[in-house]
Amino acid sequence: MEVKDEMLPDKLLIHGGRKLNGTIDVQGAKNSALPVIASALLLCDETLTLGAVPHLYDINTMKQLLESLGAQVSFENHHMKIYVPEKISYNASVELVRKMRASSIVLGPLTARCGKCLLPLPGGCDLGDRPLDFHLKALTKMGAEVELSHGSIITSVNGRLKGADVRFDFPSVGATQNIMMAATLAEGTTYIDNAAKEPEIVNLADTLRLMGADIKGDGTETIRVIGTEKLHSAKNTIMPDRIEAITYLLAGVMTEGAVCVRGIDSNLFSAVLDKMADAGVCLDIFKNEITAKYVTPLKNTSIKTMPFPGFPTDAQPQFMAFLTKAQGISIVEESIFNNRLNHVDDFNAMGADVRVTDNIAYITGVSSLHGASVHSFNLRAGAAMIMMGLAAHGDTIVSDLKHVWRGYENLIPKLRSLGAELEIYE
Ligand code: EPU
């Protein structure tokens, strides 16, 4: 089933104050599925078959992008099959790239496979500037020519890319993924230093290895890729979505209930679980089931977002929502993006007490929140606004939900199964 615009409501009406209790099965990770799907572009007359692909708006955009480049894609019941013929286009559609910034993940695979890529500039976004300079510098080091023309990035290479020693100034997730993919078809060996260590990098490397790539060191700060001429068909499964799991666990505690997430390893988000424990949450971790239970009033704690294994920026708005109800003053420092605290005014409109100075938020806990009409500024801020609505007294309307559908599959039924009362607001 494809996720289409008309199926996605723009507003939710939440009748807050119900405790969330119960268990949810965790979806496949959006941020793993996107690069893994893009990695199919490295294939030539071969097929990549994937399980546990979440049915999300962004996944549909990536599917359309691959189709527009010439791939044949089927997607049913979380199974995706991508056949990539010998001849594909290197020209990414403006319309699709503008819809989803993560489309830039086709840059590495297309440059390696076609010797060329034309990528309309995805531009900044509401999280901040988000340049692609690390990706471009690394491709240049690997022998590609890079030019910016008429609002597009154009890469071209004579023959194959060459293995190179690449070092990123910051462990960028997307740049690590793009260069790791490009290096699989390069001539010689590529070393990526100061690479991102996120588990989604490991899921991508596993997929590439199943396609015949020679990659070592993924999950550490140095990755080595020995290039090969051709990759072959493979099957893999998308890892569970740690950010979805964190969102439901925090929503459960914020509403003074207990939520269990099933099908995910706690090591994928220990930094968040440690901070939940600091705040007084009772955690029960057993194999692939994690339960977070509200037992006593929450206590203040502080976080700073960092690359993995640090506290993930994608859980920052949700954790801040949770801290609005913790006694004392908590501090949240956003160090990955320069504009990811724009949900604060809407939090305050619901009775929270948050002040921001220089990308640092100071949160004074309040005993109760009240309903209001608020916006979702981006995917994770939207999830946080829904959590605020669930925990508040009275009714909350959250609008601009288009952002939320990019990353949360079946959010409404999942929340209802936990006891939430919410409805689509026309
Ligand atoms: N950066 C540069 N130059 C570059 C690349 C990155 O300066 O060439 C900077 C960025 O501007 C940012 C920092 O490095 O300040 C980190 O950016 P990164 O490249 O790691 O982020 P990304 O790959 O664009 C992915 C996720 C984001 C997540 C970040 C950080 C996907 C599709 N997106 O983005 O997910 O926040 O890593 O972990 O994997 C989300 O799911 O809500 C989301 C935004």
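Each ligand, and each atom within it, is numbered from 1 in the order the structure gives. No hydrogens, no waters, no symmetry mates; every other heavy atom, side chains included, goes into these values.
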Trainee: Is a donor on one side and an acceptor on the other found under 3.5 Å between the side chain of Asn31 and the backbone of Val173?
Mentor: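 A pair under 3.5 Å: no.
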
Trainee: Determine, using heavy atoms of Glu334 and all atoms of ligand 1, whether some pair is separated by less than 4.0 Å.
Mentor: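 Flag not set, Glu334 not near ligand 1.
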
Trainee: Select one of side chain, backbone, both or neither to describe which atoms of Phe134 lie under 4.0 Å from any atom of ligand 1, heavy atoms only.
Mentor: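 It is both backbone and side chain that touch ligand 1.
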
Trainee: Hey, mind stepping through Arg406 and Leu56 against side chain to side chain contact (heavy atoms under 4.5 Å, CB included) and telling me if it holds?
Mentor: CA-CA 6 Å; Arg406 292 182 35 226; Leu56 295 169; over 6 Å; no

Trainee: With only distance considered, is Leu379 within less than 3.5 Å of ligand 1 through an N or O on each side?
Mentor: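 In fact, backbone or side chain, Leu379 has no N or O that close.
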
Trainee: Quick check against the 3.5 Å criterion: does Asn300 have a side-chain atom that pairs as donor or acceptor with the backbone of Ile329?
Mentor: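 It does hold such a pair.
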
Trainee: Which residue in the set Asp218, Asp214, Asn236 passes side chain to side chain donor-acceptor pair (under 3.5 Å) when paired with Arg209?
Mentor: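 That would be Asp218; it is the only one of Asp218, Asp214, Asn236 passing the side chain to side chain donor-acceptor pair (under 3.5 Å) with Arg209.
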
Trainee: Under the criterion side chain to side chain donor-acceptor pair (under 3.5 Å), which of Arg380, Glu244, His403, Gln27 is the partner of Tyr408?
Mentor: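 Per the side chain to side chain donor-acceptor pair (under 3.5 Å) rule, the option paired with Tyr408 is Arg380, out of Arg380, Glu244, His403, Gln27.
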
Trainee: What residue and atom, counting heavy atoms only, is the protein's closest point to atom 24 (O) of ligand 1, and at what distance?
Mentor: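 Nearest protein contact, heavy atoms only, for atom 24 (O) of ligand 1 is Arg130 NH2, 2.9 Å.
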
Trainee: Quick one: does Leu34 get an N or O within less than 3.5 Å of an N or O on ligand 1?
Mentor: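 No.
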
Trainee: Spell out, as yes or no, whether a donor-acceptor pair under 3.5 Å connects the side chain of Arg340 to the backbone of Glu334.
Mentor: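 Flag not set: sc Arg340 to bb Glu334 has no pair under 3.5 Å.
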
Trainee: Would you mind checking which non-hydrogen protein atom is closest to atom 32 (C) of ligand 1, with the distance to 0.1 Å?
Mentor: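 For this ligand atom, the closest protein heavy atom is Asn31 OD1, 3.3 Å.
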
Trainee: Quiz question: by atom type and distance under 3.5 Å, do the side chains of Thr111 and Thr155 form a donor-acceptor pair?
Mentor: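 Per modelled atom types, Thr111 and Thr155 side chains form a pair under 3.5 Å.
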
Trainee: Do side-chain atoms of Asp265 reach the backbone of Leu268 as a donor and acceptor pair under 3.5 angstrom?
Mentor: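 Between the backbone of Leu268 and the side chain of Asp265 there is no qualifying donor-acceptor contact (under 3.5 Å).
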
Trainee: Return the residue, atom name and 0.1 Å-rounded distance of the protein heavy atom closest to atom 20 (O) of ligand 1.
Mentor: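 Heavy-atom neighbour on the protein nearest atom 20 (O) of ligand 1: Val173 N, 2.8 Å.
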
Trainee: At less than 4.0 angstrom from any non-hydrogen atom of Arg340, what atoms of ligand 1 do you find?
Mentor: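 Near Arg340, the atoms of ligand 1 are 36 (O), 42 (O), 44 (C).
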
Trainee: Would a 4.5 Å heavy-atom cut-off, applied to side chains only, mark Pro312 and Val272 as touching?
Mentor: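 In contact.
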
Trainee: Could you identify the single nearest non-hydrogen protein atom to atom 42 (O) of ligand 1 and state the distance to 0.1 Å?
Mentor: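 Among all protein heavy atoms, the one nearest atom 42 (O) of ligand 1 is Arg380 NE, 3.0 Å.
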
Trainee: Check whether any side-chain N or O of Asn178 sits under 3.5 Å from a backbone N or O of Gly108 as a donor-acceptor pair, and report yes or no.
Mentor: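 Flag set: sc Asn178 to bb Gly108 pair under 3.5 Å.
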
Trainee: Atom 43 (C) of ligand 1: which protein heavy atom is closest, and how many Å away?
Mentor: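 The closest one turns out to be Asp314 OD1, 3.3 Å.
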
Trainee: Under 3.5 Å between any N/O of Gly174 and any N/O of ligand 1: does that happen in this structure?
Mentor: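 Among all N and O atoms of Gly174, at least one is under 3.5 Å from an N or O of ligand 1.
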
Trainee: Examine Phe337 against ligand 1 and note whether any of their N/O atoms are separated by less than 3.5 Å.
Mentor: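 Not met; the criterion fails.
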
Trainee: Distance to 0.1 Å, residue and atom name: give those for the protein heavy atom nearest to atom 15 (O) of ligand 1.
Mentor: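 I find the closest protein heavy atom is Ile336 O, 2.6 Å.
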
Trainee: Determine whether the side chains of His343 and Gln316 contain a donor N or O and an acceptor N or O closer than 3.5 Å.
Mentor: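 Checked: His343/Gln316 side chains pair up, N/O donor to acceptor below 3.5 Å.
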
Trainee: Would a distance-only check, ignoring hydrogens and angles, find a side-chain to backbone donor-acceptor pair under 3.5 Å from Arg355 to Ile363?
Mentor: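 No, the answer is negative, given that no donor and acceptor are paired below the 3.5 Å cut-off.
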
Trainee: Evaluate Ser172 for polar contact with ligand 1, using N/O atom pairs at a separation under 3.5 Å.
Mentor: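 Between Ser172 and ligand 1 (N or O atoms, distance only) the closest approach is under 3.5 Å.
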
Trainee: Give yes or no for whether the N/O distance cutoff of 3.5 Å, strictly under, is met between Gln177 and ligand 1.
Mentor: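 Between Gln177 and ligand 1, no N or O pair is found under 3.5 Å apart.
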
Trainee: Donor-acceptor pair, distance only, cut-off 3.5 Å: does the side chain of Thr291 make one with the backbone of Cys260?
Mentor: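 The answer is no, because no donor-acceptor pair under 3.5 Å joins these two groups.
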
Trainee: Do any N/O atoms on Pro131 end up under 3.5 angstrom from N/O atoms on ligand 1?
Mentor: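 N/O-N/O distance under 3.5 Å: yes.
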
Trainee: Using non-hydrogen atoms of the residue, decide whether Lys30 is closer than 4.0 angstrom to ligand 1.
Mentor: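 Lys30: in contact with ligand 1 (<4.0 Å).
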
Trainee: For atom 30 (C) of ligand 1, which protein heavy atom lies nearest, and how many Å away is it?
Mentor: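 Result: Thr313 CG2, 3.8 Å.
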
Trainee: For atom 14 (O) of ligand 1, what's the nearest protein heavy-atom neighbour? Residue, atom name and distance, please.
Mentor: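 Result for atom 14 (O) of ligand 1: Phe170 CD2, 3.7 Å.
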
Trainee: Counting only heavy atoms closer than 4.0 Å, does ligand 1 sit against the backbone of Leu136, its side chain, both, or neither?
Mentor: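 The answer is neither; Leu136 stays 4.0 Å or more away.
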
Trainee: Just distances here: any N/O of Asp133 and N/O of ligand 1 closer than 3.5 Å?
Mentor: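 Yes, there is a polar N/O contact under 3.5 Å.
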
